[in-house]
Every structure is written in C-alpha cells, then in structure tokens.
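When reading the values below, keep in mind they use all heavy atoms of this one structure, side chains included, and skip hydrogens, waters and symmetry mates.
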Amino acid sequence: MTFNKNYVLEKAVALLNTDSPSGFTHSIMNTVGGWAEALGYDFELTHKGGGIITIEGDDHMKTVGLAAHVDTLGAMVRSITSQGTLKFTLVGGPIVPTLDSEYCRIHTRDGKVYHGTFLSTAPAAHVYKEASTLARTPDTMEIRLDEQVKNKEDVLALGIGVGDFICIDPKTTLINDFLKSRFIDDKGSVAILFGVMQYLSRNGIKPKYKTKILISNYEEVGHGASFIPEDISELLAVDMGCIGDDLTCTEYDVSICAKDSGGPYDYQMTSELIQLAKENKLKYAVDIYPYYGSDVGAALHAGHNIKGALIGPGVHASHGMERTHYEAMENTMKLVTLYLTK
C-alpha cells in the first residue's frame, strides 16, 4: 500500500496556506471540490457550505461516512478603538497567549484584505513594566494594522468593520518530514483523505461499501457534522490525535480514540480499527482525549442513528503551533484504506 507522499504534503500545504476559519470557508471548499472532481469523484455542497464527496462501492448494502473538517480557529473584529487598533472575538478555541506577536489577515465583507499583528496592550519592554507579565486575553490584546491609521475613522475608511474575519498566519513549514503549522487540526486529515482518494483512484480500487466523505466547515464551533446524509449508517471521523499527559500517542502514530468529552465511541467500530492496526503492524495508539469533541459527536448530538469512531495522526501542541510527522499521516491513510476495503 503505497501513497503519493508529494501529493499528500502538497495538498496539506495548500490547505494550510488558505484562510478558512469557521464561517469563512467558501473559497477553500471550492478548492476541495475541484480536487475531488479531478480524481473522478462527485462533489456537492450542503446548504451550510460543507462538502460531500461520493465514492461508489462494490456493495450497496450500506453507506459508510468519513469526516474531516476544513475550518480552523480564528477571530473576528469585535470593535475598533479610538487609536485605530482592532479588538477581536475568538472563533473556536486558540490558545490565546500563543497569538501574541502573530501576523494576521483581515478579510472585509467587500473582498479587501489587510494585514496586521496580534499584540498585547503592553507590547514594548522599554515602555511598559508589565510587558512580560500581563495576561494575554482578548481583553488585553488588540490588532495593530499595517496601514497608516491614527483613529477609528481612518480604519472605517478602509472598509474594515465589526464582524470581518481575522485569519491567523499559519507559518506552515516542512522539514525532515515534519509538518509544522497552525491548523494541522484538521487540514492534515483533509490531506490524508485526499491521499486515500488519490490512491483508490490511481489504482482503480473501489471501497467495499458506498462511501461519502464529509468535509465539514463548522467543527471548531461545535456543529460541523450535525447534518449528514440520511443513508450513512456509520461515521469515521478523521481528526487530530492528542499527545501529552497520560496519553501514549506520538507524532508517528495513528491515534485511535476510545472516548472523548462526549463519551465512548462505538465499541465494535473501535475494536475493529484496533484489530486492523494490529494485524497490519501499523504504528498506532489507543487513547482517551479529555478535552475533545469531534464531527461524530456533532452528528450524534443532532440525533443521527449512526455508529461512530475517531482516528487521526498524532499532533503535538494542539490549538497552538502544531506539528506532526509524515509517518503519522501515512499510518492514518493506511488505516482508513483498510477500513474502507476490508
């Protein structure tokens, strides 16, 4: 089972370098749709702006679902100060202190893009005694625009207003097969699913069952896969695997989640994934994620009558400056393919 490493990493970098916080995913979804159709698979948009890619299977007894989300963390303009800086409200849950000194882009409602920097309100060590000790929260931070603005009126004249999206620079880097970037959660998994699709398409392989791949666009705010097609009877979310205290996953493993904050995942599906990983000698870990929710959880909370499980590549420093290794992505691609073709 050989995947096209360059294809997968190129897709990952392209996704990571495209701004798409929850609620601002129309552009990236058009890109994803074009990629799916280039592989020969049907793509459709849902009313809420998510994507559904359909792959015909050998057996139409049931429809299997896969899910990964293309939306990311971000912010929106909350207000404009009298000094011409922007106050912001968070989209999703980035680790706020990591935003200090990060570059960002502000997308206006009329399509203009401006650049800026997240800073604390005590940004200079030579001026503010509390520069290094001030807590970094949205209330103690603001965005400095890279425009000649001196007051609120100057900012408004640019066309910037309340509710405009603020996109954090992901700083995507590839080095020694490590992928370093913000938002590997979950664009790394979207790239993984495209790696699987490219492998199936290139080799003329059909999944055992009809498969629908959901590219959700509101996962980071909790309702990503709250809508799924009615014919899906089991849903496998492919999202980041957690690394840290009391967990066994590394940046080289496919992580299989037995339970997260929403409770245990389906026993049979999870057991089958563990067995497939074991029999095929994949690098894998089984863990419990203490502060985590997935697209499967969103679907179950919406009342869908499905079985659900969760896997993904091990990702270090989630919701901050994240990192994974291609080995983790490859192990995840192998497990997804085994699950689809078993």
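One hydrophobic cluster, built from ILVMFWY side chains closer than 4.5 Å, holds both Leu174 and Ile192. Both Val238 and Phe3 belong to a common hydrophobic cluster when Ile, Leu, Val, Met, Phe, Trp and Tyr are linked at side-chain heavy-atom distances under 4.5 angstrom. When the side chains of ILVMFWY residues are joined at heavy-atom separations under 4.5 Å, either directly or via intervening members, Met61 and Ile232 end up in a single hydrophobic cluster. Placement of Val96 and Val221 in two distinct hydrophobic clusters is found when ILVMFWY residues are connected by side-chain heavy-atom separations under 4.5 Å, directly or transitively. Following chains of ILVMFWY side-chain contacts shorter than 4.5 Å, one can reach Leu273 starting from Met1, so the two form part of one hydrophobic cluster.
The backbone N or O of Leu134 sits less than 3.5 Å from a side-chain atom of Arg136, completing a donor-acceptor pair. Side chain of Glu322 to backbone of Asp185: a donor-acceptor contact under 3.5 angstrom is found. Using modelled atom types, one side-chain atom of Thr140 and one backbone atom of Ala135 make a donor-acceptor pair closer than 3.5 Å. Side chain of Lys342 to backbone of Tyr339: a donor-acceptor contact under 3.5 angstrom is found. Side-chain atoms of Thr85 never come within 3.5 Å of backbone atoms of Thr81 as a donor-acceptor pair (strictly under, hydrogens ignored). At distances below 3.5 Å, not a single donor-acceptor pair connects side-chain atoms of Asp42 with backbone N or O atoms of Thr54. Checked by atom type and distance alone, the side chain of Asn203 never pairs as donor or acceptor with a backbone atom of Ile205 at under 3.5 Å. Using modelled atom types, one side-chain atom of Asp266 and one backbone atom of Gln268 make a donor-acceptor pair closer than 3.5 Å. For the pair Asp164 (side chain) and Gly161 (backbone), a donor-acceptor distance under 3.5 Å is present. Not a single donor-acceptor pair under 3.5 Å links the side chain of His69 to the backbone N or O of Ser216.
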Which pairs of donor and acceptor atoms, one on a side chain in residues 296-313, lie under 3.5 Å apart (sequence neighbours left out)?
from: His304; atom 1: NE2; to: Ser226; atom 2: O; distance (Å): 2.9

Distance-only criterion, 3.5 Å: show the donor-acceptor pairs between side-chain atoms of residues 18-25 and protein atoms not counting sequence neighbours.
from: Thr18; atom 1: OG1; to: Ala14; atom 2: O; distance (Å): 2.8
from: Asp19; atom 1: OD1; to: Arg105; atom 2: NE; distance (Å): 3.4
from: Asp19; atom 1: OD1; to: Arg105; atom 2: NH2; distance (Å): 2.9
from: Asp19; atom 1: OD2; to: Arg105; atom 2: NE; distance (Å): 2.9
from: Asp19; atom 1: OD2; to: His107; atom 2: NE2; distance (Å): 2.8
from: Ser20; atom 1: OG; to: Val70; atom 2: O; distance (Å): 3.0
from: Ser20; atom 1: OG; to: Lys187; atom 2: NZ; distance (Å): 2.8
from: Ser22; atom 1: OG; to: Asp71; atom 2: OD2; distance (Å): 2.5
from: Thr25; atom 1: OG1; to: Asn217; atom 2: ND2; distance (Å): 3.4

Go through it in stages, so that I can follow the logic: the residues are Thr108 and Asp110, the test is side chain to side chain donor-acceptor pair (under 3.5 Å), and I'd like the CA-CA distance, side-chain angles, deciding distance and then a yes or no. CA-CA 5 Å; Thr108 70; Asp110 59 0; 2.4 Å; yes

If you apply the rule side chain to side chain contact (heavy atoms under 4.5 Å, CB included), what do you find for Met321 with Thr98, and how did you get there? CA-CA 8 Å; Met321 278 309 306; Thr98 71; 5.9 Å; no

Could you please spell out the steps behind the side chain to side chain donor-acceptor pair (under 3.5 Å) verdict for Asp186 and Ser189? CA-CA 5 Å; Asp186 188 35; Ser189 296; 2.5 Å; yes

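The residue from Glu330, Glu327, Glu251 that alone fulfils the salt bridge (Lys or Arg N to Asp or Glu O under 4.0 Å) condition with Lys283 is Glu327.
Applying the side-chain hydrogen bond (donor to acceptor under 3.5 Å, both in side chains) test to Thr72 and every residue at least two apart in sequence or in another chain returns nothing. For Asp231, the salt bridge (Lys or Arg N to Asp or Glu O under 4.0 Å) partners at least two apart in sequence or on another chain are Lys212. Scanning for side-chain hydrogen bond (donor to acceptor under 3.5 Å, both in side chains) contacts around Thr248 gives Asp287, with sequence neighbours left out.
Side chains of Met329 and Val254 form no contact here, defined as non-hydrogen atoms less than 4.5 Å apart. Under the 4.5 Å side-chain criterion, counting only non-hydrogen atoms from C-beta, Phe227 is not in contact with His47. For the pair Cys257/Tyr265, a side-chain contact is recorded, criterion being any heavy-atom separation below 4.5 Å from C-beta on. Looking only at side-chain heavy atoms (C-beta outward), Asp58 and Lys208 stay at 4.5 Å or farther from each other. Counting only heavy atoms from C-beta outward, the side chains of Tyr284 and Lys334 never approach each other to under 4.5 Å. Side-chain atoms of Val91 and Glu220, non-hydrogen and from C-beta on, never get closer than 4.5 Å to each other.
Asp253 and Ser255 share no side-chain donor-acceptor pair at under 3.5 Å. When only modelled atom types and interatomic distance are considered, Arg182 and Thr172 share no side-chain donor-acceptor pair under 3.5 Å. Counted by atom type alone, Thr341 and Thr337 present zero donor-acceptor pairs between their side chains at under 3.5 Å. Using modelled atom types, one finds a donor on one side chain and an acceptor on the other under 3.5 Å when comparing Glu279 with Gln275.
Expressed to the nearest 0.5 Å, how far CZ of Phe118 lies from OG of Ser101 amounts to 11.5 Å. Considering CG of Leu39 and CG of Leu200, their distance stands at 9.5 Å, rounded to 0.5 Å. Separating the CD1 atom in Ile53 from the CD1 atom in Ile215 is a distance of 4.5 Å, to the nearest 0.5 Å. Distance CG/Leu16 to OG1/Thr173: 10.0 Å, rounded to 0.5 Å. Distance check: Ile184 CD1 to Met240 CE gives 10.0 Å after rounding to the nearest 0.5 Å.
Under the 6.0 Å distance and 45° angle rule, Lys5 counts as a cation-pi partner of Tyr326. Judged by a 6.0 Å distance limit and a 45° cone about the ring axis, Arg323 is positioned over the six-membered ring of Phe178.
Centroid-to-centroid, the aromatic rings of Phe194 and Tyr7 stay 6.0 Å apart or farther.
Applying the under-4.5 Å side-chain rule to Ile, Leu, Val, Met, Phe, Trp and Tyr, the cluster around Tyr291 consists of that residue alone.
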